[in-house]
Amino acid sequence: MPDQVLTSGEKQVRIAYARAVFRGRRSLFTQDNQELLEASIRTGTETTRYGKQWRLGPVSTTQGHVRGRLGFERERPNTTEVWDADKQDFVAALYPTGASTPFSVRVADMTIAYQLQGSDIDEGSFRFALAKLMTLASGEIWAVEPIGGEATFDGWRARTPKVVEVDVTVQPPNPNYSGRPDVQSFLEGPNATLANARWVAEQGLDVEDALIQQFIEHADRRGYGHVSATGERDGRTVKYVRGVEPRIDTVAPEAQTGDVGLDILDQMLEQGDLDGSST
């Protein structure tokens with residue numbers, strides 16, 4: 001992590017990571033990532049999705065990084081009331097709303113660090129918008145994919161103090177049900193080839209319960225099925241689905257803007273193994 005001193009109660013912003021993947025025709029460009037990125041991340045490129053007009057703002061290049069700002073303005077402005085001195089009354093007025101966020105791309109492998117902006121700009125909306133804008137600017141196909149660590153239920157659970165739902169789908173194993181007699185009865189009793197169990201508790205589940213552990217052992221650790229779960233961490237709802245869990249870091253923002261500085265984003269891209277599990 002970059003060297004930043006965080007004092008108790010100091011505001012922090014959340015940083016996520018992704019990777020730009022070029023799926024177009026390399027023959028139209030050189031093999032140089034710098035040229036690809038400069039042709040694809042261009043100020044003023046815009047697209048619309050779900051009533052939001054997404055645009056790329058100022059773009060700059062430093063040694064080894066391409067930086068930019070991505071944001072949107074809602075097509076439908078909000079309404080408020082303001083005082084009209086001439087009419088001596090309150091009148092309706094329209095005002096636009098939107099959000100934007102900084103990002104930096106490491107040229108060497110096209111890894112991206114970007115700031116999350118709550119529900120306005122989350123992982124999914126950022127990745128979709130940037131990929132679409134890069135595709136429109138270059139005329140070639142781009143994807144922006146999440147990066148993170150290989151998530152297991154045990155790793156997710158260790159970082160999630162409260163689990164409120166666990167959903168497990170199980171199937172017969174090869175070769176046996178060693179140590180999992182309840183799962184065996186659950187499947188073999190009705191002669192099932194696929195079965196589902198779900199536990200829910202708003203106050204929090206005891207996921208160390210022997211029955212739940214048998215199902216997790218069978219489906220998640222041994223791979224004979226599928227596990228999804230919902231929990232609470234740091235006041236947020238978090239979900240588990242086996243696979244890649246996006247890495248999220250936190251850092252102090254700049255006092256003047258409330259956003260992370262571009263130099264800090266560059267530093268965060270140089271941390272090392274960003275494909276490792278989030279901490």
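- A16 approaches E123 most closely through the heavy-atom pair CB-CG, 4.3 Å.
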Kindly determine whether S185 and D182 satisfy side-chain hydrogen bond (donor to acceptor under 3.5 Å, both in side chains), including the steps that lead there. CA-CA 5 Å; S185 299; D182 294 321; 5.5 Å; no
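- One distance of note links CE of M268 with OG of S104; it measures 11.0 Å at 0.5 Å rounding.
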Stepwise, does the side-chain hydrogen bond (donor to acceptor under 3.5 Å, both in side chains) test hold for T111 with R19? CA-CA 4 Å; T111 299; R19 183 165 290 120; 3.1 Å; yes
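- Smallest separation of non-hydrogen atoms from I121 and F72: CG1-CE2, 3.9 Å.
- Under a hydrophobic clustering in which Ile, Leu, Val, Met, Phe, Trp and Tyr are joined whenever their side-chain heavy atoms come within less than 4.5 Å, directly or via other members, W156 and V207 fall into the same cluster.
- Cluster annotation: I216 is connected to V170 through the hydrophobic network of ILVMFWY side chains, with a link wherever side-chain heavy atoms come within less than 4.5 Å.
- Across G68 and L262, no two heavy atoms sit closer than the pair O-CD2, 4.3 Å.
- Here D154 pairs with T152, R221 under the side-chain contact (heavy atoms from CB on, under 4.5 Å) rule; sequence neighbours left out.
- Residues passing the side-chain contact (heavy atoms from CB on, under 4.5 Å) test with R42 are T45, A137, sequence neighbours excluded.
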Evaluation steps, side chain to side chain contact (heavy atoms under 4.5 Å, CB included), between F153 and V168: CA-CA 11 Å; F153 181 84; V168 185; over 6 Å; no
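- For the atom pair Y224 OH and N174 CG, the distance stands at 5.5 Å (nearest 0.5 Å).
- Taking all atoms of both residues into account, the shortest heavy-atom contact from E208 to Q213 is O-CG, 3.7 Å.
- Between the side chain of R23 and the backbone N or O of A143, no donor-acceptor pair lies under 3.5 Å.
- Counting heavy atoms from C-beta on, the side chains of E254 and D259 never come closer than 4.5 Å.
- Cluster membership for V163 and L211, using ILVMFWY side-chain heavy atoms within less than 4.5 angstrom, is shared.
- Linking ILVMFWY residues whenever their side-chain heavy atoms come closer than 4.5 Å, directly or via other members, leaves V21 and L36 in distinct clusters.
- Once rounded to the nearest 0.5 Å, the distance linking CG of L70 with CE of M134 reads 11.0 Å.
- Taking 4.5 Å as the limit, some side-chain heavy atom of T169 sits within range of a side-chain heavy atom of N196.
- Residue pairs meeting the ring pair (Phe, Tyr, Trp, His ring centres under 6.0 Å) criterion with at least one partner in residues 181-212, sequence neighbours excluded, are F186-F215, W199-F215.
- Counting heavy atoms from C-beta on, the side chains of R106 and D266 never come closer than 4.5 Å.
- No side-chain heavy atom of E202 sits under 4.5 Å from any side-chain heavy atom of V164.
- Atoms CG and CG, from L194 and L187 in turn, are 8.0 Å apart once rounded to the nearest 0.5 Å.
- Judged by distance alone, with hydrogens and angles left aside, the side-chain atoms of N33 form a donor-acceptor pair with the main-chain N or O of V107 at under 3.5 Å.
- V144 and F128 are members of different hydrophobic clusters when ILVMFWY side chains are connected at heavy-atom separations under 4.5 Å.
- A parallel orientation is assigned to the rings of H218 and Y177, their planes being inclined by less than 30° (bins at 30° and 60°).
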If you look only at distance, which donor and acceptor atoms sit under 3.5 Å apart when one is on a side chain in residues 49-64 and the other is two or more places apart or in another chain?
{"unit_1": "Q53", "atom_1": "OE1", "unit_2": "T48", "atom_2": "OG1", "d": "2.4"}
{"unit_1": "Q53", "atom_1": "NE2", "unit_2": "E46", "atom_2": "OE2", "d": "2.8"}
{"unit_1": "R55", "atom_1": "NE", "unit_2": "E46", "atom_2": "OE1", "d": "3.3"}

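- Within the 4.5 Å cutoff, the side chain of F103 has heavy atoms near those of the I41 side chain.
- Using a 4.5 Å heavy-atom threshold, the side chains of Y114 and R127 count as touching.
- Between H65 and L269 the shortest heavy-atom distance is CD2-CD1, 3.7 Å.
- The minimum heavy-atom distance between A20 and I112, with the atom names listed, is N-CD1, 3.9 Å.
- Atom CD of Q88 has more than 12 heavy atoms from other residues, nucleotides or ligands within 6.0 Å.
- Atom CD of residue E35 and atom OG of residue S138 lie 11.5 Å apart, to the nearest 0.5 angstrom.
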Which atom pairs, donor and acceptor, lie under 3.5 Å between side-chain atoms of residues 91-102 and protein residues at least two apart or in another chain?
{"unit_1": "T97", "atom_1": "OG1", "unit_2": "R74", "atom_2": "NH1", "d": "3.2"}
{"unit_1": "S100", "atom_1": "OG", "unit_2": "R69", "atom_2": "NE", "d": "2.8"}
{"unit_1": "S100", "atom_1": "OG", "unit_2": "R69", "atom_2": "NH2", "d": "3.3"}
{"unit_1": "T101", "atom_1": "OG1", "unit_2": "Q115", "atom_2": "O", "d": "2.5"}
{"unit_1": "T101", "atom_1": "OG1", "unit_2": "Q117", "atom_2": "NE2", "d": "3.2"}

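- Residues L116 and V13 form no side-chain contact, since every pair of their non-hydrogen atoms from C-beta on lies 4.5 Å or further apart.
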Report the C-alpha separation of L265 and R67 in whole Å, then their side-chain angles, then the decisive distance to 0.1 Å, and conclude whether the side chain to side chain contact (heavy atoms under 4.5 Å, CB included) test is met. CA-CA 9 Å; L265 285 179; R67 303 155 147 193; over 6 Å; no
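- When side chains are defined from C-beta on, T237 counts as touching T230, because their heavy atoms get closer than 4.5 Å.
- Cluster partners of L136, using a side-chain heavy-atom cutoff of under 4.5 Å among ILVMFWY residues and allowing indirect links: none.
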